[in-house]
Visitor: 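I have a structure here, written as structure tokens, and I will follow up with some questions on it.
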Amino acid sequence: MPELPEVETIKSQLQKLIVGKKLSGKKIVGLRRRAKVLIIDFADGSSLLFHLKMTGQLIFNGVPSRHTRHIFKFDDGSSLVFNDVRKFGWFKKVKDSRVIEKSFGPEALKISLKELKVVLQKRLKTRIKPLLMDQKLIAGIGNIYSDEILFAAKVHPLRRAQTLKEKEIVLLWQNIQKILKAAVKYRGTSDRDYLDAFGQKGEYLSHLKVYGKEGERCSRCPGIIKRQKIGGRSAHFCPKCQKI
DNA sequence: ATTCGGACCTGAAAGC
DNA sequence: TGCTTTCAGGTCCGAA
């Protein structure tokens, strides 16, 4: 489930809740997010990495359920409950969190227009939706937000990177920032399983324009939202106002 | 060198 | 009422 806004939400919530506490004797000094990976840093320089994949949840003082995979207990008696229905998610201890750096491109919320252009030039023939979701190229965007960003930028998901005009690239870049920031503000999208660190739903679902809206009227033109498999994932878009 | 399908899992919803 | 199929916020791997 979680893409950048969801992991970012959990990160900032946990930051206020668990920094300074001890986990199996090691003091927590900070939390970070890189791409969709949540990182808990310890005073000794080691880290604990989490990937929630599709259905992972990390809930502070959560009540254990049949899908609870692990409970992390802090020195003050509080806890962090890791739930994951589909068991794709993982966590692991690493001595140095820099090991993950090479797997990811620039952060979606930090990428400059110039860097985005470099990415597009590295993958001229690649279709824009899978390109946006490739964590090695741009880190943090997944299926929901790639659809929303492309809709906002009026770019069809099947467009090849090299066909994007200057104006469209700028719109794409602006909307990457705009959509992700808005989603973070509303604590992410709870379409099915996602819950934040307090066990609450994110509220961005009602702001979605195309994801999950197959067959509905486009919000800005008379078109009907279409769903089509692209790169193995369901893409949602308006075939009328997102230009091919 | 990309791209595609399948695999990893479980469960909810839709289809018949 | 069943039973079957499809689908899901992600990534990885091997084969075209």
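Naming: A, B, ... by sequence-line order, numbering from 1 per chain.
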Visitor: Is the distance from OP1 or OP2 of C:dT11 to the nearest side-chain N or O of A:H51 less than 4.0 Å?
Guide: yes
Visitor: Without decimals, in angstroms, what is the distance between A:Q135 CD and C:dG10 P?
Guide: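 Nearest whole value for this atom pair: 8 Å.
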Visitor: In whole angstroms, how far is the C1' atom of B:dG11 from the CG atom of A:D191?
Guide: 15 Å
Visitor: OP1, OP2 of B:dT2 versus side-chain N and O of A:R127: anything below 4.0 Å?
Guide: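 Indeed not, no polar side-chain atom of A:R127 lies that close.
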Visitor: Side-chain N or O of A:H67 less than 4.0 angstrom from OP1 or OP2 on B:dC9?
Guide: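 No, no such contact exists.
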Visitor: Calculate the interatomic distance between A:I128 atom CD1 and B:dT3 atom P; express it in whole Å.
Guide: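 In whole Å, B:dT3 P and A:I128 CD1 are 12 Å from each other.
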Visitor: In whole Å, what is the span from the CZ atom of A:R69 to the C1' atom of B:dC9?
Guide: 9 Å
Visitor: Looking at every strand, decide which applies to A:Y211 at a 4.0 Å heavy-atom threshold: base, sugar-phosphate, or nothing.
Guide: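 Counting heavy atoms under 4.0 Å across all strands, the contact made by A:Y211 is with sugar-phosphate only.
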Visitor: Taking only N and O in the side chain of A:K229, is any of them less than 4.0 Å away from OP1 or OP2 of C:dA8?
Guide: yes
Visitor: Can you tell me if A:E6 uses its side chain to pair, donor with acceptor, with the backbone of A:T189 under 3.5 Å?
Guide: yes
Visitor: Tell me which nucleotide among C:dC7, C:dT11, B:dT10 gets nearest to the side chain of A:V85.
Guide: B:dT10
Visitor: Students often get this wrong, so: under 4.0 angstrom with heavy atoms, is A:G232 touching a base, only sugar-phosphate, or nothing?
Guide: nothing
Visitor: Under 4.0 Å between a Lys/Arg side-chain N and an Asp/Glu carboxylate O for A:E148 and A:K209?
Guide: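 Answer for the salt bridge query: no.
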Visitor: Of A:R86 and A:F104, whose closest DNA chain C nucleotide lies nearer the 5' terminus?
Guide: A:R86
Visitor: Has A:S234 got a side-chain N or O lying under 4.0 Å from the OP1 or OP2 atom of C:dA8?
Guide: yes
Visitor: Among B:dT2, B:dA12, C:dG10, which nucleotide has an atom closest to any side-chain atom of A:R123?
Guide: B:dT2
Visitor: Is it the case that A:D76 and A:S78 place a side-chain donor and acceptor less than 3.5 Å from each other?
Guide: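 Present: a donor and an acceptor within the cut-off.
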Visitor: In whole angstroms, how far is the P atom of B:dC4 from the CG atom of A:L131?
Guide: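 Checked: the CG to P distance equals 13 Å.
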Visitor: Kindly confirm whether the side-chain ring of A:F88 is stacked on the base of C:dT11, judged by centres under 5.5 Å and planes under 30°.
Guide: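 Stacking between A:F88 and C:dT11: absent.
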Visitor: Where the side chain of A:R227 is concerned, which of C:dA8, B:dT3, C:dG10 is the nearest nucleotide?
Guide: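 Within the option list, the nearest is C:dA8.
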Visitor: Please step through salt bridge (Lys or Arg N to Asp or Glu O under 4.0 Å) for the pair A:K53 and A:D84, ending with a clear verdict.
Guide: CA-CA 9 Å; A:K53 291 289 181 85; A:D84 189 10; over 6 Å; no
Visitor: Quick one about A:S146 and A:K129 (side-chain donor to acceptor, distance below 3.5 Å, no hydrogens or angles considered), yes or no?
Guide: yes
